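None of the values given here were measured: they were computed from a predicted structure. Per chain, numbering begins at 1; letters A, B, ... match sequence-line order. Both backbone and side-chain heavy atoms feed into the values below; hydrogens, waters and symmetry mates do not.
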Number of protein chains: 2
Amino acid sequence: MKPDPISSEFLESLTKVSRKIRTAFNQQVTAHGLTYPRARTLLRLSKKQNMTQSELACELELEQATMVRLLDRMEENGLIERRADASDRRVKLIVLTPYGEEQAALVQSIGEGLRMQVFADIDPEELRASIALFERISANVAEMDDIHVPA
Amino acid sequence: MKPDPISSEFLESLTKVSRKIRTAFNQQVTAHGLTYPRARTLLRLSKKQNMTQSELACELELEQATMVRLLDRMEENGLIERRADASDRRVKLIVLTPYGEEQAALVQSIGEGLRMQVFADIDPEELRASIALFERISANVAEMDDIHVPA
DNA sequence: ACGGAATAGTTGGCATGCTAAGTATTAACA
DNA sequence: TGTTAATACTTAGCATGCCAACTATTCCGT
């Protein structure tokens with residue numbers, strides 16, 4: 001009694017393509033002394049600096065505790081700096097160092113190169129259609145969580 | 001100078017939906033004392049037992065070393081057993097214990113329940129279209145790897 | 001203003017995931 | 001046949017990721 005073999009196949013295919021892309025990206029950035037999570041953090045910071053660790057964690061969908069240690073190593077590597085916030089002594093604002101800016105630009109160009117190759121022969125309309133599908137699925141998952149964790 | 005903002009949006013959306021689904025599934029199985037990788041392993045074993053660790057790792061797209069420790073803990077938890085292979089003393093064949101079979105069935109039903117909720121209002125045709133898209137993207141990524149690692 | 005709740009960051013402990021290096025066994029070939 | 005290469009598993013060390021518990025601050029209701 002399979003309720004829906006297609007949905008199962010969809011999940012497998014989704015998982016695989018997602019992992020393949022992440023792995024490919026990771027290989028390219030590790031060749032430049034970075035890792036996938038650090039690259040993601042750099043990209044986010046290159047768009048908006050002076051975020052708190054919590055804000056950054058939220059945007060990257062990581063736990064605060066995970067963010068702390070990721071930033072620890074990025075700080076050791078000279079990619080970012082933690083700055084005190086004058087108005088709230090609990091907070092630390094994250095900024096890129098000049099070296100961090102440089103690496104962020106590198107990551108950006110790696111990402112663009114990768115997208116150009118991977119999506120070269122793909123119709124944008126198909127991407128749009130899939131994005132719409134993803135949003136509906138995401139909404140369904142979120143709704144499901146709400147049932148178990150209402151408030 | 002963005003080469004194509006849609007592909008970027010697609011990647012973000014793909015990453016997010018993939019993580020959301022995995023997290024949701026993980027929450028359900030942890031409630032039953034399991035983890036996502038163990039659940040995945042149980043499912044695969046419930047379809048085909050007596051695989052070697054390498055075969056299993058390959059099917060789950062994990063490294064052998066990762067598989068070893070995953071199986072270590074599953075063995076400690078009484079979910080699986082390692083059996084010697086008469087014809088090749090290097091090999092260990094993995095089988096489910098009765099408890100493992102039981103848990104595999106549980107995981108199966110959790111997965112079905114989750115899919116029913118998440119894909120309830122989704123047109124199977126859309127899923128099929130996305131699967132086709134995923135396959136093409138996967139092929140592009142694989143081809144890209146080949147350029148850097150030909151043989 | 002004060003005491004407790006909420007928030008920001010940290011730390012500890014665990015489970016994955018990887019690569020690289022090591023051991024035992026089997027295969028291959030000269 | 002005997003040396004070398006390949007294969008299966010393991011171990012070591014690192015980087016994420018999580019949750020739970022802790023400290024330091026700030027907020028909020030009375």
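Taking side-chain N and O atoms only, Gln53(B) has a distance below 4.0 Å to OP1 or OP2 of dT10(D). Side-chain nitrogen and oxygen atoms of Thr35(A) include at least one within less than 4.0 Å of the OP1 or OP2 phosphate oxygen of dT16(D). Distances shorter than 4.0 Å separate none of the side-chain N or O atoms of Arg73(B) from OP1 or OP2 on dC14(C). For dC18(D), one of the phosphate oxygens OP1 or OP2 lies less than 4.0 angstrom from a side-chain nitrogen or oxygen of Thr66(A).
For Leu70(A) and dC18(D), the CG to P distance is 11 Å, given to the nearest whole Å. Residue Leu62(B) contributes atom CG, which lies 13 Å from atom C1' of dA15(C) at whole-angstrom precision. Here dA8(C) presents its P atom at 12 Å from CG of Leu93(A), a figure rounded to the nearest Å. At whole-Å resolution of the value, CZ in Arg69(B) and P in dG17(D) are 18 Å apart. We find that CG of Asn77(A) is positioned 9 Å from P of dA15(D), with the value rounded to whole Å. Counting to the nearest Å, the P atom of dT16(D) and the CG atom of Asn26(A) are 9 Å from each other. Atom pair Arg22(B):CZ and dA15(C):C1' shows a separation of 14 Å (rounding to whole Å applied). Between the CE atom of Met51(B) and the P atom of dA8(D) there is a distance of 14 Å, rounded to whole Å.
Residues Glu55(A) and Arg89(B) each lie close to DNA chain C; by heavy-atom proximity, the contact nearer the 5' end of the strand is made by Glu55(A).
Contacts of Val68(B) with the nucleic acid, taken as non-hydrogen atoms under 4.0 Å apart, include base atoms. Using a 4.0 Å heavy-atom distance criterion, Arg38(A) is classed as a sugar-phosphate-only contact. Note on Gln64(B): a base of the nucleic acid sits closer than 4.0 angstrom, heavy atoms only. Arg82(B) comes within contact range of the sugar-phosphate backbone alone, with a heavy-atom separation under 4.0 Å but no base atom that close.
At its two ends the helix from dA1(C)-dT30(D) to dA30(C)-dT1(D) runs along axes set 20° apart, each axis drawn from five pairs and the angle rounded to 10°.
No hydrogens or angles were tested; on distance alone, a donor-acceptor pair under 3.5 Å links the side chain of Arg90(B) to the base of dT7(D).
With respect to the salt-bridge test (charged N to carboxylate O, under 4.0 angstrom), the residues Glu125(A) and Arg128(A) qualify. Salt-bridge formation is detected for the pair Arg136(B)/Glu126(A): a Lys NZ or Arg NE/NH1/NH2 atom is positioned less than 4.0 Å from an Asp or Glu carboxylate oxygen. In summary, Lys48(A) and Glu59(A) engage in a salt bridge, as defined by a charged side-chain N under 4.0 Å from a carboxylate O.
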For side chain to side chain contact (heavy atoms under 4.5 Å, CB included), just list the numbers for Leu70(A) and Met67(A), CA-CA rounded to whole Å, side-chain angles, deciding distance to a tenth of an Å, and then say yes or no. CA-CA 5 Å; Leu70(A) 188 50; Met67(A) 202 72 242; 4.0 Å; yes
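In the set dC9(D), dT26(C), dA20(D), dT26(C) carries the atom at the smallest distance from any side-chain atom of Asp88(B). Taking the side chain of Lys92(A) as heavy atoms from C-beta on, and the options dA8(D), dG9(C), dT26(C), the nearest nucleotide is dG9(C).
The environment of CZ in Arg83(B) is sparse: at most 12 heavy-atom neighbours from other residues, nucleotides or ligands sit within 6.0 Å.
Considering Arg38(B), Met74(B), Gln49(B) in turn, Met74(B) is the only one that fulfils the side chain to side chain contact (heavy atoms under 4.5 Å, CB included) rule with Ile80(B).
No side-chain donor from either of Thr97(A) and Glu81(A) sits under 3.5 Å from a side-chain acceptor of the other.
Note on ring orientation: taking the six-membered ring where Trp is involved, the planes of Phe10(B) and Phe134(B) are tilted (angle from 30° to 60°).
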